[in-house]
Protein chains: 2
Amino acid sequence: MGSAERKEREKHEMREMILAAAKKLFIKEGFEHVTIRRIAEEIEYSPATVYLYFADKDTILCALQELGFRDLFKRQQVLSAIKNPAEKLRACGKIYMNFAMENQEWYDLMFIMRAPMKAFESPADWNLGKDTYEVLQSIIIDCIDQGYLKAKDPQIACFSLWSLMHGVVSIFIRDRAPMIPKEHQEQVINGILDFTMSELLDK
Amino acid sequence: MGSAERKEREKHEMREMILAAAKKLFIKEGFEHVTIRRIAEEIEYSPATVYLYFADKDTILCALQELGFRDLFKRQQVLSAIKNPAEKLRACGKIYMNFAMENQEWYDLMFIMRAPMKAFESPADWNLGKDTYEVLQSIIIDCIDQGYLKAKDPQIACFSLWSLMHGVVSIFIRDRAPMIPKEHQEQVINGILDFTMSELLDK
DNA sequence: TTAGTTACTAAACGTTGTTCACAAAAAAGA
DNA sequence: TCTTTTTTGTGAACAACGTTTAGTAACTAA
């Protein structure tokens, strides 16, 4: 009877193996090489076995997405060392866009790709992104409270700034800015941060 | 010998047929139903025939993309009736985001999807998007010249505003904003326009 | 009429994600 | 211990996809 919990442990370990294989393929060979067959090959089981532990491919991608959110959230932690809300806001934007440009495929998976979202049953499963979003949210509220930002609606301000950052990096990642050569992308990102901060903030 | 030009005309007509079929499928059944096999079925030829007129699927999608850019550019024409640059800027943003939200799959094809970009040989083939981008560009220059906007670099200002608009709609289109229910999306878009205009413009 | 070019297609290739009938192994019950 | 049941894993297949190739049919030119 006590074997029930061992079974569950083994099941969990197998799931971890599959995710580890998927992650390895994702990092080493890129998204398009993350196929059920390659994952199966990697863990030395048959493709059909994968389906005993995950409903479908999207569910696996969804789990990978979670790892990305954890990484991003981790990077945001350094923000707590910055006291000035305006500086903090700038640093937050910088961290976000750096993450995106340094891990373009992860960012793509997290914020652009269709696939992993199909696995989202309800908006309740948003705990991942929620944490990272709330970091920005609280910074903006601080900015408003301390008079750096004169926005009426903090929610709109927050969503606007997120949209701006997402817009920039997703245009680059999906190659929609031929007017900006690759080697200038980073300085454009800095230029946009400067522009936003100087146009937006009062002090 | 005079049949040479007839041949070419027939070749052109066939290409048009294929594009028309692709467009029809795209509009009526959505992107994922635009397959070479379905296109072939639609024009009553075999799949292999399609490859006599187009190098690959991406080239076809690229041509569809062009139609989208034409539509967007056409919508922008009403802007010439607006004289005040600030009003014009707002209207431009509204037109852009309305286009995106009303034709989500077209917008996706134009600005998000990976596929059609692979067919772009060189950044020189950007004439399509260039026209629509220059509309925004000239409005912003007018805003700066007439003192509505105090940006140092118009290029950065232009790219920032495009990024903002693209960011908003692409977050919605790719379902990354579970904190905003679908029925609120339009008012958020208006809120962002208000926020941007009031924070950015001086008069 | 014949030789040569062009237009077209059936069939196949190599991929996907996914399912299912079945075998092997492990666990539970007698 | 022997038998029954449940779990765990797989080979083979299905239905799609984009694409290629070998070969046929039709038109063109001499």
Side-chain angles (χ1 to χ4, degrees), chain A residues 1-19 21-22 25-26 29-65 105 109 113-120, chain B residues 1-19 21-22 25-26 29-65 105 109 113-120:
Chain A
M1 274 294 176
S3 64
E5 54 193 47
R6 193 207 59 200
K7 278 283 186 63
E8 201 158 334
R9 197 181 58 227
E10 283 174 352
K11 191 135 193 158
H12 183 262
E13 279 169 9
M14 188 64 151
R15 289 174 61 95
E16 289 298 316
M17 268 190 72
I18 291 169
L19 290 181
L25 286 170
F26 193 86
E29 315 204 22
F31 167 74
E32 59 187 0
H33 289 98
V34 182
T35 68
I36 299 290
R37 281 174 168 84
R38 292 278 281 115
I39 291 172
E41 193 182 303
E42 201 75 28
I43 62 173
E44 295 176 293
Y45 281 85
S46 87
T49 302
V50 177
Y51 288 87
L52 296 178
Y53 299 90
F54 288 93
D56 52 29
K57 193 188 173 183
D58 290 345
T59 311
I60 297 175
L61 292 179
C62 199
L64 279 189
Q65 214 185 30
E105 288 213 310
L109 182 70
M113 280 181 51
R114 273 254 161 73
M117 300 315 282
K118 285 185 248 163
F120 271 62
Chain B
M1 274 294 176
S3 65
E5 54 193 46
R6 193 206 61 200
K7 279 283 186 62
E8 201 158 335
R9 197 181 57 228
E10 282 173 354
K11 193 134 193 159
H12 183 263
E13 278 169 11
M14 188 64 151
R15 288 174 62 95
E16 289 299 315
M17 268 191 72
I18 291 170
L19 290 180
L25 285 169
F26 193 86
E29 315 203 23
F31 167 74
E32 59 187 359
H33 289 98
V34 182
T35 69
I36 298 290
R37 282 173 166 84
R38 292 278 281 115
I39 291 172
E41 194 182 303
E42 201 75 28
I43 62 173
E44 296 178 291
Y45 281 85
S46 88
T49 302
V50 176
Y51 287 88
L52 297 178
Y53 298 91
F54 289 94
D56 52 29
K57 192 188 173 183
D58 290 345
T59 310
I60 297 175
L61 292 179
C62 200
L64 279 188
Q65 215 185 28
E105 289 215 309
L109 181 70
M113 281 181 52
R114 273 254 161 74
M117 301 314 282
K118 284 184 249 164
F120 270 64

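Protein chains get the first letters and strands the later ones, always in sequence-line order, with residue 1 at the start of each.
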Write down the distance between [atom1] ([X]) and [atom2] ([N]), rounded to a whole number of angstrom.
X: B:Tyr53; N: D:dT19; atom1: OH; atom2: C1'; result: 18 Å
X: A:Glu13; N: D:dT8; atom1: CD; atom2: C1'; result: 15 Å
X: A:Lys11; N: D:dG9; atom1: NZ; atom2: C1'; result: 12 Å

Requested in this report: Could you check if a side-chain atom of A:Glu42 sits within less than 4.5 angstrom of a side-chain atom of A:Ile39, using non-hydrogen atoms only?
Outcome: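 No, side chains not in contact.
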
Query raised in the report: Hey, does A:Phe54 have a side-chain heavy atom less than 4.5 Å from the side chain of A:Leu19?
Result: yes

Below 3.5 Å is the cut-off: list the nitrogen or oxygen pairs between protein and nucleotides 5-7 of chain D, distance only.
none

Okay, side chain of [X], backbone of [Y]: is any donor-acceptor separation there less than 3.5 Å?
X: B:Asp58; Y: B:Leu61; value: no
X: A:Gln65; Y: A:Leu109; value: yes
X: B:Glu29; Y: B:Val34; value: no
X: B:Glu105; Y: B:Phe31; value: yes

Query raised in the report: Can you give one letter per nucleotide of nucleotides 9-19 of chain C, going 5' to 3': B for a protein heavy atom under 4.0 Å from the base, S for sugar-phosphate only, - for none?
Result: BB-B---BBBB

Query - Non-neighbouring partners of B:Ser46 that pass side-chain hydrogen bond (donor to acceptor under 3.5 Å, both in side chains), sequence neighbours left out - result: B:Thr49

Requested in this report: Just call it for A:Phe54: base, sugar-phosphate, or nothing, with non-hydrogen atoms closer than 4.0 Å on any strand.
Outcome: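 Contact class for A:Phe54: none.
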
Query raised in the report: To the nearest 0.5 Å, what is the distance between CD (A:Glu16) and CD1 (A:Ile43)?
Result: 12.5 Å

